[in-house]
Novice: 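My questions all concern the structure below.
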Amino acid sequence: MKLSGRGRGCCAGGSRERGPPPRSPFVHQLRFSPLEKAKIAFMTLTLFPIRLFFAAFMMLLAWPFAFIASMGSDEQELEKPLSWWRKVVDILLKAIMRMMWLAGGFHWINVKGRRALPAEAAILTVAPHSSYFDAIPVTMTFASIVMKAESKDIPVWGTLIKYIRPVFVSRADQDSRRKTVEEIKRRAQSGGKWPQIMIFPEGTCTNRSCLITFKPGAFIPGVPVQPVVLRYPNKLDTITWTWQGPGAALGVSVTDYTFEDCQLALAEGQLRLPSDTCLLEFAKLVRSLGLKLETLEDDLDKYAASAMKMKKEKVDLKEFSAYLEFPVSQTLESMFALFDENEDGVIDIREFVVALSVVCKPSKTLETIQLAFQLYQSEGGTVTEEDLACILKTAMGVSQIDVTHLFRAVDEEEKGKITYDDFYTFAVLHPHFAEDYLYADQMGAESGLETSSLSAPNGICTDFSPDSSGDRRKPLQKKLN
C-alpha cells in the first residue's frame, strides 16, 4: 500500500519510516502530582460538598419557573414571539443557571464574537464536544438541542429540558432519525419563528485535541449555521470526560478521521498500527464505497474466496471493479491506487483482502494472518520470508518493514519457509512479537532510523488546546498524494 506518490505497493521499498502508534483523541489521561492529590482530597472533604449543595439548590430554584412557563404550551404558541412574562422568566433562569455554573467553579466565561439572530443563522454548531460542561452555552442561550425522549421524564432536570423546547429523539421508533431530521429542517426553515437549534456535529466526545469529522445533520436543512468553538484554558484538564479508565476558520486544527478510524488505529490486536498507516485512508474509502460495516464480514468471505481462485493473478482497474461489483468511480480509483504496486495499472487482489480483513476485524490479528497465509501459501501450505513481508506490510499499511528477525525466529529449523501453524505457535509463546521483532529497531536509540515526520503530538491530529505550541497551525500531512 502506498504512503505517497513516491511510494510503491506493500512489497516495495518506500521513503517513510514507521512512527510510534498514535494516541487517540477519544482517550484522556490525567497524572496528578502528590501535592495535587493532597489538594483534591482536602477540597473533596471541604469545598466540594458546599459547591454541590449550592448547585443543587440553584437547579431546584430554577424548576418552578421552568414548570410554570412550560405549562399548557402548544406548538402554535411556541412559534409566536415571546410574551413579556416569558422574557422575564428567560432572564431569571439564565441568571440562576449562571449561578449554578459559578458554584461549579466556572467563575469567568468569556464570549468572543456576536451571536447571530435566529433569522440569520437557525443552527449553532458547537465543537469540540468533550464534557457535560458543554451544556454551559445551552443555558446561556436557551437554544434548542437534540435530546433523547427519555430525558424529559427525569425529575427536575426533565422540566428544565422541556423548557428549551428540544427536538426529542425516540430510540424505540425505527423512523426516529428521519423524523428528527425533518423536524430540524422544519424549525430551521421557519424564518426565525423557532429558537435556534444547537447541535454538536461531531456526534461524540473527544479530548479536544482535534475536530473529528462532522456528522451531516446540522447541514441537511441547507440554511446558514454559526460555528461556535469551545475552549477550556485550565492548566490541569479535569474537564474532559474521555478518560483512560473511568482549523479551519476558527483557528483550530481539523482531522478527517472519524471515531471508527481511531478505533481501528488503537485496536488491541497483536499488530499495533503505526501512525503513518495507509489503513486509515483505506477504511475511509471502504465506507465511501458503500461497503456496510454490518455486512463486511460476509463481504470479506466472498472476496477472499474469489481471491483464492485467482491466486497470484493481478487485475487492472476494470477487473477490480468487476471483482468488487462496484462501478468505476473516483473512490474506486483512489482505492485501486493504494494497491498499485509499481504504478503500472495492476494490483495484487490479495493485498486488498488482507487490508479489508484488518478493517473488518482490527483486534483479531491472528485471524487476519491466517487468512493471509491461505491466500499466499504454496501447495505445501508454506510461505516464504518475502510472502510474510508482503502480508505484514499490508496488514500494517506501510511501505516497508524488516521481517527478517521475525521470520528467522519462527523458522527454527531454517527451512526457508513456514506454515501458519508455525506462526501461530510462535505468536502464542510470544504475544508481543510485534514490539519485540518488528518495532525493535525503531525503539532502540541506535537504530539510525527516523520516525514519522508528522508534526502532530498525538500521531493523529494536532493539539489545539490553549497551551499548544505554534506547530498547531501547520496543515496536516496527507497520507497519499
Side-chain angles (χ1 to χ4, degrees), residues 1-5 7-10 177 202-204 212-217 219-220 254-265 267 273 276-310 313-341 343-364 367-368 371-372 375 391 393-399 460 476 478-481:
M1 300 178 74
K2 296 190 296 181
L3 291 175
S4 68
R8 296 295 188 239
C10 84
R177 178 174 297 184
E202 291 173 297
T204 189
I212 64 173
T213 300
F214 285 4
K215 302 294 185 182
F219 311 100
I220 290 177
V254 297
T255 176
D256 53 3
Y257 293 125
T258 65
F259 179 68
E260 293 80 9
D261 296 325
C262 293
Q263 282 184 313
L264 170 63
L273 299 186
D276 57 358
T277 178
C278 278
L279 288 173
L280 297 179
E281 180 71 17
F282 175 70
K284 289 190 296 179
L285 292 172
V286 166
R287 292 195 303 273
S288 298
L289 199 61
L291 291 171
K292 306 293 184 181
L293 290 177
E294 54 269 21
T295 61
L296 203 53
E297 289 199 34
D298 293 336
D299 293 330
L300 176 63
D301 293 338
K302 178 181 68 174
Y303 294 138
S306 298
M308 289 177 189
K309 295 178 181 178
M310 299 168 67
E313 180 183 349
K314 293 191 175 183
V315 299
D316 59 20
L317 178 60
K318 185 177 180 180
E319 292 168 325
F320 184 58
S321 171
Y323 168 79
L324 292 181
E325 298 179 354
F326 281 96
V328 175
S329 63
Q330 186 175 355
T331 299
L332 192 71
E333 290 176 356
S334 298
M335 182 180 290
F336 184 88
L338 280 175
F339 301 96
D340 192 352
E341 188 170 330
E343 296 186 347
D344 55 3
V346 293
I347 65 171
D348 188 334
I349 208 70
R350 296 175 297 181
E351 295 178 24
F352 166 80
V353 175
V354 173
L356 188 63
S357 179
V358 176
V359 171
C360 180
K361 300 177 286 189
S363 300
K364 300 178 180 178
E367 286 189 20
T368 292
L371 174 60
L375 294 171
I391 289 171
K393 288 173 189 176
T394 307
M396 297 172 70
V398 295
S399 60
I460 291 183
L476 291 174
K478 282 288 187 180
K479 302 298 181 188
L480 299 171
N481 287 339

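Below, each value reflects all heavy atoms present in this structure, side chains not excepted, and no hydrogens, waters or symmetry copies.
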Novice: Closer than 3.5 angstrom, by distance alone: can the side chain of Tyr323 be matched with the main-chain N or O of Tyr303 as a donor-acceptor pair?
Specialist: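 Present.
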
Novice: What heavy-atom pair brings Glu319 and Lys314 nearest, and what distance separates the two atoms?
Specialist: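 The answer is OE1-O, 4.1 Å.
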
Novice: For the pair Asp340 (side chain) and Asp344 (backbone), establish whether a donor and an acceptor sit closer than 3.5 Å, ignoring hydrogens and angles.
Specialist: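 Between the backbone of Asp344 and the side chain of Asp340 there is a qualifying donor-acceptor contact (under 3.5 Å).
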
Novice: Between Ser334 (side chain) and Gln330 (backbone), is there a donor-acceptor pair under 3.5 Å?
Specialist: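 At least one qualifying donor-acceptor pair exists.
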
Novice: Find the distance between CZ (Phe352) and CD1 (Ile347) and round it off to the nearest 0.5 Å.
Specialist: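 The distance works out to 8.0 Å.
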
Novice: Measure the acute angle between the ring planes of Phe282 and Phe339, then classify it against the limits of 30° and 60° as parallel, tilted or perpendicular.
Specialist: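 Rings of Phe282 and Phe339: perpendicular, as their planes differ by over 60°.
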
Novice: I need the minimum non-hydrogen distance between Thr368 and Lys361, along with the two atoms involved.
Specialist: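 That would be OG1-O, 4.3 Å.
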
Novice: Over all heavy atoms of both residues, which pair between Ala395 and Val358 is shortest? Give the atoms and the distance, please.
Specialist: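 Scanning both residues, the minimum pair turns out to be O-CG2, 3.6 Å.
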
Novice: Pair Lys318, Asp316 - check salt bridge (Lys or Arg N to Asp or Glu O under 4.0 Å), show working.
Specialist: CA-CA 6 Å; Lys318 185 177 180 180; Asp316 59 20; over 6 Å; no

Novice: Under a 4.5 Å cut-off applied to non-hydrogen side-chain atoms, are Leu300 and Leu371 in contact?
Specialist: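 A side-chain contact exists here, since the closest heavy-atom pair is under 4.5 Å.
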
Novice: What's the shortest heavy-atom distance between Pro327 and Leu332, and which atoms?
Specialist: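 Looking at all heavy atoms of both residues, the closest pair is O-CD2, 3.6 Å.
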
Novice: Is there side-chain contact between Lys302 and Glu325, with at least one heavy-atom pair below 4.5 Å?
Specialist: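 Touching, per the 4.5 Å side-chain cut-off.
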
Novice: Measure across Ile391 and Ala372 and return the closest heavy-atom pair with its distance rounded to 0.1 Å.
Specialist: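 Closest heavy-atom pair between Ile391 and Ala372: CG2-CB, 3.4 Å.
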
Novice: How long is the span from the CD atom in Glu351 to the CG atom in Leu375, to the nearest 0.5 Å?
Specialist: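 One gets 11.0 Å once the value is rounded to the nearest 0.5 Å.
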
Novice: Determine the minimum heavy-atom distance between Met335 and Val286, stating which atoms define it.
Specialist: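 Looking at all heavy atoms of both residues, the shortest contact is CE-N, 3.7 Å.
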
